Protein chains: 2
Amino acid sequence: MTQTRRRGAALEEAILRAAVEELTESGYAGLTMDKVAQRAGTNKNAIYRRWPNRLALGVAAYRLLTTAVQPPDTGDLREDALELLRRANRHWSSPLGAILRELMAAAGGATEFLAQLPEQSTDTMAATWLTVLGRAVARGEAAPEALHPRVATVAIVLLRNEFVVRGAPTAPDEVLVEIVDEVFLPLVRQRGIDRGTPSL
Amino acid sequence: MTQTRRRGAALEEAILRAAVEELTESGYAGLTMDKVAQRAGTNKNAIYRRWPNRLALGVAAYRLLTTAVQPPDTGDLREDALELLRRANRHWSSPLGAILRELMAAAGGATEFLAQLPEQSTDTMAATWLTVLGRAVARGEAAPEALHPRVATVAIVLLRNEFVVRGAPTAPDEVLVEIVDEVFLPLVRQRGIDRGTPSL
DNA sequence: CAATTAAGGTACTTCTCGTACCTTATCCTT
DNA sequence: AAGGATAAGGTACGAGAAGTACCTTAATTG
């Protein structure tokens, strides 16, 4: 009757799978240890032996839901930047984005958790944007001084701010265009260099 | 024995005062309805007749703790900007800033609460920065095109991002300087105008 | 085969929000 | 001044989850 008792990795996977399902169905707020245990066909002890608390489990499950993507390479900085912002916009306004926000809220300022959220990590974001910018510099579209994490990530930071301030709904595309044209591009073409084509 | 029973405004003030004390002593996490009621010498009913839930009470109490300040006017845009960032830096890394972050976390994306937090409201921040920038434009230190909420608030948004990403500790002054010199000033002197003195 | 390690099963403690319901004081109107 | 209307006080309780304790039982390992 009782199928063979799972342990180790097999059980861990079952728990994570259950957590992922709960997370997608009910969000982090609905992720309860009892439900995960029940869904995984085990009990809370097995969970607490692996993760110290609910948040840690939630973060672990969330990470399974996201996959790294390649930076765009359209040959035009403006298009690359817009594409990155549009991706972020879609993600943040999707159900997954809602979960991400819940997790960030639950983490409060606990950097040990925040660092595990890919969209949250400065390094991940900086790397992506520096890649795109680096190509633009090579093409002569941006000044080499712009190859600086603080400068490179300006656009995505501004977009994230939109979500923090305005809440969930998708930012209109005009906002993204404005961020790129009013802030990002003027900034990376820095200091009167003025060599690129004034696109649009 | 029983002093005269308070009602209306008097009782409301007593509750808010108690909430403020709990908030400063124990943070939002430690703000329980029972403790507030007890401290105010009343009971939870009186609270729930006035605020729909704990978060609303927390936000109301927090607002009593903050006071609006005047934008600086040193006669130099760079100094004004740094001063604004330093103020924000102090606030965010103070106990009050910790409470603010707790409240924002508890609010999740609920804009109806977020809008009530002064440091959070786009309007408040934009107004302050536009004032400072407006004076700089009048002085010829910044381009008139910079008088745009998205551009004007870039610096403070970047600083807030530091707190989101790095957590509570005070940002080093170099970060503020970097934000101002690498992002804010180049941006507002926009499009190769290049008339100001390159301060520092 | 024995010893050790990890799972399963259950029950429980603790917290705290939010409600329900009744009694009692204060206010306001006639 | 009386008598309703309104708001406070008191108390208890339901509900939801987190995290813990402790014991039994199966799988692994030597």
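Letters A, B, ... are given to chains in the order of the sequence lines, protein chains preceding strands, and every chain is numbered from 1. Quick caveat, the model's predicted, so the values are computed rather than measured.
- Note: CG (A:L31) to P (D:dG16) measures 17 Å, nearest angstrom.
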Sequence neighbours left out, cut at 3.5 Å: what donor-acceptor pairs do the side chains of residues 124-132 of chain A make with other protein atoms?
| from | atom 1 | to | atom 2 | distance (Å) |
| --- | --- | --- | --- | --- |
| A:T124 | OG1 | A:S121 | OG | 3.0 |
| A:T128 | OG1 | A:T124 | O | 3.1 |
| A:T131 | OG1 | A:A127 | O | 2.8 |

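- With sequence neighbours excluded, the residues that form a side chain to side chain donor-acceptor pair (under 3.5 Å) with B:D173 are B:R86.
- Checking D:dG9, C:dA7, C:dG9 against the side-chain heavy atoms of A:N43 singles out C:dG9 as nearest.
- Two residues, A:K44 and B:K44, neighbour DNA chain D, and the one matched to the more 5' nucleotide by heavy-atom proximity is B:K44.
- In this structure, B:R6 places its CZ atom 11 Å from C1' of D:dG9, rounding to the nearest Å.
- Within the structure, ring-ring contact (aromatic ring centres under 6.0 Å, His included) pairs that include any residue of residues 54-81 of chain A do not occur (at least two apart or interchain).
- Residue pairs satisfying the ring-ring contact (aromatic ring centres under 6.0 Å, His included) criterion with at least one member in residues 147-170 of chain B, sequence neighbours excluded, are listed as follows: B:W92-B:F163.
- Here C:dC17 presents its P atom at 11 Å from CD of B:E22, a figure rounded to the nearest Å.
- One interatomic measurement links the two molecules: CE of B:M33 to C1' of C:dC15, which rounds to 15 Å at whole-angstrom precision.
- Taking the ring centre of A:Y28 as origin, the terminal cationic atom of A:R54 falls inside the region bounded by 6.0 Å and 45° from the ring axis.
- Put simply, CD on A:Q38 is 13 Å from P on D:dA18, counting in whole angstrom units.
- Residues in residues 161-171 of chain B take part in these side-chain hydrogen bond (donor to acceptor under 3.5 Å, both in side chains) pairs, two or more places apart or across chains: A:R150-B:E162, A:R160-B:N161, B:S93-B:T170, B:E162-B:R166.
- The distance from atom CG of A:D34 to atom P of D:dT20 is 14 Å, rounded to the nearest whole Å.
- In this structure, A:N53 atom CG and C:dC15 atom P are separated by 18 Å, rounded to whole Å.
- Sorted by residue number, the members of residues 45-52 of chain B with any non-hydrogen atom under 4.0 Å from DNA chain D read B:N45, B:A46, B:R49, B:R50.
- Protein atom CG of A:L11 is 13 Å distant from nucleotide atom C1' of D:dA26, rounded to whole Å.
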